[in-house]
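Structure, as structure tokens:
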Amino acid sequence: MAKILIVDDAKMMRINIGNMLKKLEHEIVAEATNGHMAVQMYKKHLPDLVTMDITMPSENGIKDGIDAVIAIKKEFSEAKIIMITSHGEQDKVIKAIQSGASNYLLKPIQINKLQEIIEKTLN
């Protein structure tokens, strides 16, 4: 069981991911609605894994999920972050991986794919 931080500006997406993670017997330690909050929640909870939306509102100089990855990895190089993205954002996924993200998932998320990516990322 992993301790997981869910980051997404859409409440329904956080709920859906949370429900899947609970079915997979993971613990949700916190949720964040933007990249700035993600960095703060990471520092507070030090999760085993983060699910990070790419496109979110800007706050305090952190424009999106990619900026949040950069900020988290700068201080916590061991952080494991899975990017959550929509089709058509391939260039952003590449940038996120280059910035330190561990892996990515395409929306809509399927529970079997989520489990597979979590296992790959944590092992």
Side-chain angles (χ1 to χ4, degrees):
M1 176 173 75
K3 294 186 280 181
I4 300 177
L5 166 61
I6 300 171
V7 185
D8 201 299
D9 59 321
K11 184 174 184 173
M12 274 314 299
M13 199 58 167
R14 292 193 312 274
I15 290 169
N16 290 341
I17 293 170
N19 287 339
M20 285 186 242
L21 291 171
K22 287 174 190 168
K23 282 182 186 173
L24 296 171
E25 300 183 352
H26 295 293
E27 177 187 354
I28 293 119
V29 294
E31 294 182 8
T33 58
N34 62 51
H36 174 71
M37 185 186 283
V39 175
Q40 300 309 309
M41 290 294 106
Y42 192 93
K43 289 178 183 180
K44 181 177 180 181
H45 296 282
L46 298 174
D48 300 317
L49 185 72
V50 179
T51 64
M52 179 83 68
D53 189 18
I54 288 184
T55 307
M56 292 182 291
S58 178
E59 185 178 320
N60 285 359
I62 297 181
K63 298 184 298 264
D64 57 17
I66 297 169
D67 280 357
V69 168
I70 293 166
I72 291 169
K73 293 292 281 189
K74 184 176 181 182
E75 196 168 340
F76 303 94
S77 61
E78 74 288 351
K80 306 281 189 212
I81 304 169
I82 298 171
M83 302 308 290
I84 308 290
T85 181
S86 300
H87 287 280
E89 293 185 319
Q90 290 89 341
D91 57 328
K92 289 183 179 181
V93 170
I94 292 166
K95 188 172 179 187
I97 299 293
Q98 290 171 339
S99 299
S102 307
N103 220 319
Y104 73 95
L105 267 173
L106 289 174
K107 295 177 186 177
I109 298 170
Q110 305 297 321
I111 193 166
N112 60 326
K113 283 286 187 194
L114 179 62
Q115 181 176 17
E116 180 184 320
I117 294 295
I118 289 172
E119 288 173 5
K120 278 184 187 175
T121 304
L122 292 177
N123 295 329

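Throughout, numbering of the chain's residues begins at 1 and tracks the sequence.
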Margin query: Surrounding NZ of Lys107 (heavy atoms of other residues, nucleotides or ligands, distance under 6.0 Å), is the total greater than 12?
Written below: yes

Checklist line | Over 12 foreign heavy atoms within 6.0 Å of NZ, Lys73 | finding: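 Atom NZ in Lys73 is packed in, count exceeds 12.
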
Of the non-hydrogen atoms in [X] and [Y], which two are nearest, and what is the gap between them?
X: Ala79; Y: Ile72; value: CB-CG2, 3.6 Å
X: Met52; Y: Ala68; value: CE-CB, 3.7 Å
X: Ser99; Y: Ile66; value: OG-CG2, 3.8 Å

Find out if a path of hydrophobic residues (ILVMFWY) with successive side-chain heavy-atom gaps under 4.5 Å connects [X] to [Y].
X: Leu114; Y: Ile117; result: yes
X: Val50; Y: Tyr104; result: yes
X: Leu46; Y: Val69; result: yes
X: Ile111; Y: Leu122; result: yes
X: Ile54; Y: Ile6; result: no

Checklist line | Contact list for residues 20-41, test salt bridge (charged side-chain N to carboxylate O under 4.0 Å, His left out), sequence neighbours left out | finding: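 Every salt bridge (charged side-chain N to carboxylate O under 4.0 Å, His left out) pair that includes a residue of residues 20-41, provided the two are not neighbours, is Arg14-Glu31.
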
Next item on the list: Show your working on side-chain contact (heavy atoms from CB on, under 4.5 Å) between Met83 and Val93 and close with a plain yes or no.
Entry: CA-CA 7 Å; Met83 302 308 290; Val93 170; 5.7 Å; no

Value rounded to 0.5 Å, distance of [atom1] in [X] from [atom2] in [Y]:
X: Glu59; Y: Asp9; atom1: CD; atom2: CG; value: 12.0 Å
X: Glu119; Y: Asn103; atom1: CD; atom2: CG; value: 12.0 Å
X: Leu49; Y: Ile81; atom1: CG; atom2: CD1; value: 9.0 Å
X: His26; Y: Ile4; atom1: NE2; atom2: CD1; value: 5.0 Å
X: Ile17; Y: Asp8; atom1: CD1; atom2: CG; value: 5.5 Å
X: Ile118; Y: Leu21; atom1: CD1; atom2: CG; value: 5.0 Å

Next item on the list: Show your reasoning for whether side-chain contact (heavy atoms from CB on, under 4.5 Å) applies to Met41 and Val7.
Entry: CA-CA 10 Å; Met41 290 294 106; Val7 185; over 6 Å; no

Next item on the list: Might you work through the side-chain contact (heavy atoms from CB on, under 4.5 Å) test for Thr85 and Leu106, ending with a clear yes or no?
Entry: CA-CA 5 Å; Thr85 181; Leu106 289 174; 3.6 Å; yes

Checklist line | Partners meeting side chain to side chain contact (heavy atoms under 4.5 Å, CB included) with Ala71 (sequence neighbours left out) | finding: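 Testing Ala71 for side chain to side chain contact (heavy atoms under 4.5 Å, CB included), a comparison that skips the adjacent residues, returns Val39, Ile62.
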
Checklist line | Pairing residues for Ser102 by the side chain to side chain contact (heavy atoms under 4.5 Å, CB included) criterion, not counting sequence neighbours | finding: Lys80, Thr121

Check: Does the Asp67 side chain pair with the main chain of Ile70, one donor and one acceptor, at a distance under 3.5 Å?
Finding: no

Notebook entry, point to check: How far apart are the C-alpha atoms of Met13 and Ile109, what are their side-chain angles, what is the distance that settles it, and do they pass the side-chain contact (heavy atoms from CB on, under 4.5 Å) test?
Noted result: CA-CA 9 Å; Met13 199 58 167; Ile109 298 170; 3.8 Å; yes

